Novice: 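Handing you this structure, nothing more for now.
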There are 2 protein chains.
Amino acid sequence: MKLSQKEYPQNAEILCIGSELLLGNILNSNAQWLAEELLALGINHYRQCVVGDNINRIEEAVIEASNRCSFLLTTGGLGPTPDDLTTEAIARAFKTPLEGNELLWKEIQKRIKSQGKKTAENNKKQTFFPKGAEIIPNPKGTAPGIIWSPKPGFTVITLPGVPSEMKTMWNATVSKWLQGQRLSEVRFASKVLRFAGIAESNLAEELSDLLNKSNPTIAPYAGMGDLKLRITASGATLDEASELIKPYETQIRERMGDFCYGSDNDCLASVVINLLRERKETISFAESCTGGGLGNSLASIPGASKVFWGGVTAYQNSIKQSLLKVSSNILEIHGAVSEEVVKEMAINVRSSFCTDWAISVSGVAGPNGGTKSKPVGLVHFGIVGPNHCEATQQFFGEHLGREEIQRLSISYCLNQLRLILINRS
Amino acid sequence: MKLSQKEYPQNAEILCIGSELLLGNILNSNAQWLAEELLALGINHYRQCVVGDNINRIEEAVIEASNRCSFLLTTGGLGPTPDDLTTEAIARAFKTPLEGNELLWKEIQKRIKSQGKKTAENNKKQTFFPKGAEIIPNPKGTAPGIIWSPKPGFTVITLPGVPSEMKTMWNATVSKWLQGQRLSEVRFASKVLRFAGIAESNLAEELSDLLNKSNPTIAPYAGMGDLKLRITASGATLDEASELIKPYETQIRERMGDFCYGSDNDCLASVVINLLRERKETISFAESCTGGGLGNSLASIPGASKVFWGGVTAYQNSIKQSLLKVSSNILEIHGAVSEEVVKEMAINVRSSFCTDWAISVSGVAGPNGGTKSKPVGLVHFGIVGPNHCEATQQFFGEHLGREEIQRLSISYCLNQLRLILINRS
C-alpha cells in the first residue's frame, strides 16, 4: 500500500535532523513548536521524522517526503561543522549543485568581527546553497536557511536546530511566506486564551461541551505551570474566521472568570507588569528558594523597569536576618519556611525598596532538606501592598524536581498578585 | 537513491502514533526515553517517525519501516477508543487476521471490576492481536502490547503512549527480550565534554582532524551559551568501548585547555559551585540587567546553599544607591552600565553579604534603552574576591533578544569566575 501525493492534499511534514535526537540527548521541542505553528496557519501536517547527521539518511528522508507532502520543514544540520549536512543532502537529493553567496559571506564575516571573534574557514560553508534557492536570513546566528522548490508542488524549508534562531526565522520569514502561498481558499484565524489556578482536567471538564466542535476547534494544551486553550476557526476570509472565534472567546471568558489571565503572547509576568503600570505602582521581591527566579521572570519582559525596583535574594538565614531584618526569634521558633517569616520578608523588602507591593517566597525545593512537617515541595508566600498583608502556602508535591518547584512557585505567586490587583480595580 | 535493509544492519526505529503529537499538544518525551534505552542496549537507531491516528498512514509507516529496520518500536494507539488503530494497522500491513484472546479478556474484565468500574464493550478491542503475536502484559493499564515478527528479519513491538505504562512494560518485558536477541557483538559508550568561551566553529576548526573519525565518532553540539562535544565509541564490551574514548578525551582536554569546563551533566553553575565548595568559599551577586537570573542559575543546582549566600537585584539607579551604596556621583558621571559602577556593586554586595566572592552585572538588555556609546547587548561585569577586583565588558550583539542577552551574560560571568578559581588552585 503506497499513498500518493494526491491522497495527501496540501500538507506539511517536519524533518528534524540531528544525531543528538537519536541518542536521546535532547527532547524534540522544535517539532512540537512547529506543529503548533502549522496548526495555527491551518496547514495539514501528517508526519514528523527524525534522522541523524548522516548524509545518505537525510537524503533518503527528503526524497521520501517529497513524494508525500507539499512543504517539508527541516530543523538542524545548518551549522558550520562537518556533521552539518542538511543543505548538502537536500541539494544531492535533487541533483543540484551548491553555489556560494559572496554577499552573505561578507556580511557574516562583518558580524562575527563586530562581536570581536575570529571568522573560521568553516563558517564559509554556511554561505553555500542549492542553485535557485531563496535565502532565509538568520538575524540571531550565522546559519541561514533556504526556501527551495526543487520540483513542482514541493518546497523544502530549512531552519536551524537552535530553538531561538529557528523561532525568530519562522516568525520573520517562513510564517509569512507560507501565508502568502494561498494554500487553499480557506483562511484560518486562531486565538490562544491563557489560564492559571486551574488544572487541565478541570478546565476540560468545565468546557467539555465545547471541545468536540469542528469550526472553531477548541483544544487545551498544558505544560508545567502553563495552561492554554487554542480556538481555531476557518472562513472564506481572515475576518470571517476571526468573527467565528469571538462568541466562543466571550463565552469561555465568562464561564472561566478570573482563571483566564490573558491571551496570545501574554504570560503571568507581563500581565502583572501591565496591571502595575496601569496603577502606577511598583514592586520588589524577597526570595529564598526561588533564588532570584521571581525577579528574573519580570526582568525578562521588555519594559519591566517601569514597575520592577529589584529584590533581595536571601538564601541563608543569616542574610534573612541581616539584609531583610527578619528577627532571629521568629526564625528560630517558626523556621525559615513559615507564614511568619515570609510576612516579615515581604514587609521589610517593601519598606527598604520603597515599593507599593512586595512578594516573598520561602520553601523546600529539594531534593534534600525536607522534613515530615515541612516536606520537599512545600512553599510559603507573602504578599504585601497598600492595605494588604497576606501569607499563603502551597504544597506542590514531593515527586517534583527542584526547577519545577521553583517554576510553579513563581507562577503561583504572580497569579495570586494578579487576582488581588484585578479585584481592586 | 534507496537504502536497502542490508545497508542498515541490525537496527531499531521508533514510530510514535498519536494526533496529539502532530497538533503540538504534547512533547514527544517517549521517543527521547526510548532513544536513550536503545543507546544503553547498544542497538543502532537511525530514524524516528510520528504519524496521527489514521489507519492508512500508520500502515504506510509500518511497511516502510519494515524495509529498513530489524526492530520497530511503536508507542500509542493501543487504547480502547475508535481512534486507537495501531494493532489493526499493523495486522493489515502484513495481511494477517486479528484473533481474540479469551483468557486476556476475562483477566481485563476482572481487573476493571476490581477497580469498581464497568467494563466498556470498547475494552474488548484491546484483546485482539495479529495471529502469531506474543503478548506483552501491561501491569499498569488495560492496553497490552505485542512482539511480532511478520516477516524474516523484522519484528514490531507495540507499547502504549502513556509514559508510565510504556516504561513499565519496557523494563519488565521488552528490554529483556531485546537483550536476549544478541543483536550484535558490539557495545557502545559515550562521553560528553562541555566548553565555554569559544564558538562552535572555532572549536570545530581546532579539532577538525578528529571530527571525521569513525570509532570513536566526535561531534559538537551548540545551543545558546552552551557548547558540547560528544565522543561515542563501540567495542566488544562496554569496557572496551570506554577505553577507546579515554585517549581522545585526554587529547581534547589537553588541546582545548581551560575552554573545556566539564563533562556529561555538568553545567557552568554546578562547576562553579563545586570549585567554591572545594575551597570552602561563598558568593553573592549584585544584579541589574539579569534581574535575579544569575542567582537563580546557582539556586537551580542541588546543594547551592553550601556556597550561595544570596544577592541584591537593583533594577533602578535609586536601588543601586540605597541598597548597594553606589555613589550618586559615580552613577551620574559614568552611567549605570560602566566599569566603575559594576566594581562598586560587587565590592559592596560582597561586604554586606560577608561572602568571599561577589559578581555584579549591569548592561543594556534591550529592546529599548540602547545608545550609540552603550548599545543594546553591551554588558559590564564586576568580579571581586580575596585579592581580586576586576571589571570586564562584553558586547553580545544588538541582534539578540532580551532573554538571550541575559542568558549569555550569566554564562559569561560564571565562566570568568571559573577561570579565576582554577588558575588559583
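Proteins get letters first, then strands, A, B, ... in listed order; numbering begins at 1 in each. If you're wondering where the values come from, they're calculated on a predicted model, not measured in any experiment.
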Novice: When you measure from the side chain of A/Lys320 to the backbone of A/Ala314, do you find a donor-acceptor pair of N or O atoms at a distance under 3.5 Å?
Specialist: yes
Novice: Non-hydrogen atoms of chain B under 4.5 Å away: do they reach the side chain of A/Arg111, the backbone, both or neither?
Specialist: side chain
Novice: Heavy atoms, side chains only, cut-off 4.5 Å: are A/Asn67 and A/Ile63 in contact?
Specialist: yes
Novice: So, does B/Gln406 use its side chain to make a donor-acceptor pair with the main chain of B/Cys289 at under 3.5 Å?
Specialist: yes
Novice: Under a 4.5 Å heavy-atom cutoff, which of A/Leu38, A/Ile26, A/Leu34 has the most pairs with chain B?
Specialist: A/Ile26
Novice: Could you tell me if B/Asn348 and B/Ser351 have a donor-acceptor pair between their side chains, going purely by distance under 3.5 Å?
Specialist: no
Novice: Examine whether an atom of B/Ala31 lies under 4.5 Å from a heavy atom of chain A, and if so say whether it belongs to the side chain, the backbone or both; otherwise answer neither.
Specialist: neither
Novice: Non-hydrogen atoms of chain A under 4.5 Å away: do they reach the side chain of B/Ile319, the backbone, both or neither?
Specialist: side chain
Novice: One thing to verify: whether A/Glu64 and B/Arg68 come together as a salt bridge, which I'm taking to mean a side-chain N less than 4.0 angstrom from a carboxylate O.
Specialist: yes
Novice: Which residue out of B/Phe308, B/Trp309, B/Phe395 racks up the most heavy-atom pairs below 4.5 Å with chain A?
Specialist: B/Trp309
Novice: B/Glu200, B/Glu36, B/Glu37, B/His45: which one forms the most heavy-atom pairs within less than 4.5 Å of chain A?
Specialist: B/His45
Novice: Please state whether the side chain, the backbone, both or neither of B/Leu39 comes within less than 4.5 Å of a heavy atom of chain A.
Specialist: side chain
Novice: Where does A/Leu22 contact chain B at under 4.5 Å (heavy atoms): side chain, backbone, both or neither?
Specialist: both
Novice: Could you look at A/Leu23 and say if it's the side chain, the backbone, both or neither that has a heavy atom under 4.5 Å from chain B?
Specialist: both
Novice: Tell me, for A/Ala61 versus chain B, whether the close heavy atoms (under 4.5 Å) come from the side chain, the backbone, both or neither.
Specialist: both
Novice: Need one label for B/Ser318: side chain, backbone, both or neither, based on atoms under 4.5 Å from any heavy atom in chain A.
Specialist: side chain
Novice: Among B/Gly369, B/Ala204, B/Gly311, who wins on heavy-atom pairs under 4.5 Å with chain A?
Specialist: B/Gly311
Novice: Enumerate, atom names and distances included, each donor-acceptor pair closer than 3.5 Å involving a side-chain atom of residues 293-306 of chain B, sequence neighbours excluded.
Specialist:
from     : atom 1 : to       : atom 2 : distance (Å)
B/Asn296 : ND2    : A/Thr290 : O      : 2.7
B/Ser297 : OG     : B/Leu294 : O      : 2.7
B/Ser300 : OG     : B/Ser297 : O      : 3.0

Novice: Side chain, backbone, both or neither: which part of B/Phe396 has a heavy atom under 4.5 Å from chain A?
Specialist: backbone
Novice: Can you tell me which portion of B/Asn28 sits under 4.5 Å from chain A's heavy atoms? Options are side chain, backbone, both or neither.
Specialist: backbone
Novice: Measure B/Glu205 against the heavy atoms of chain A and call it side chain, backbone, both or neither at under 4.5 Å.
Specialist: both
Novice: Using the test side chain to side chain contact (heavy atoms under 4.5 Å, CB included), find all partners of B/Thr217 that sit at least two apart in sequence or belong to another chain.
Specialist: B/Thr232
Novice: Answer yes or no: is there an ion pair linking B/Lys228 with A/Glu20, defined by an N-O contact shorter than 4.0 Å?
Specialist: no
Novice: Counting N and O atoms only, with roles assigned by atom type, does the side chain of A/Gln48 sit under 3.5 Å from a partner on the main chain of B/Cys49, one being a donor and the other an acceptor?
Specialist: no
Novice: Looking only at atom types and distance, does a side-chain atom of B/Lys191 sit under 3.5 Å from a main-chain N or O of B/Asp264, one as donor and one as acceptor?
Specialist: no
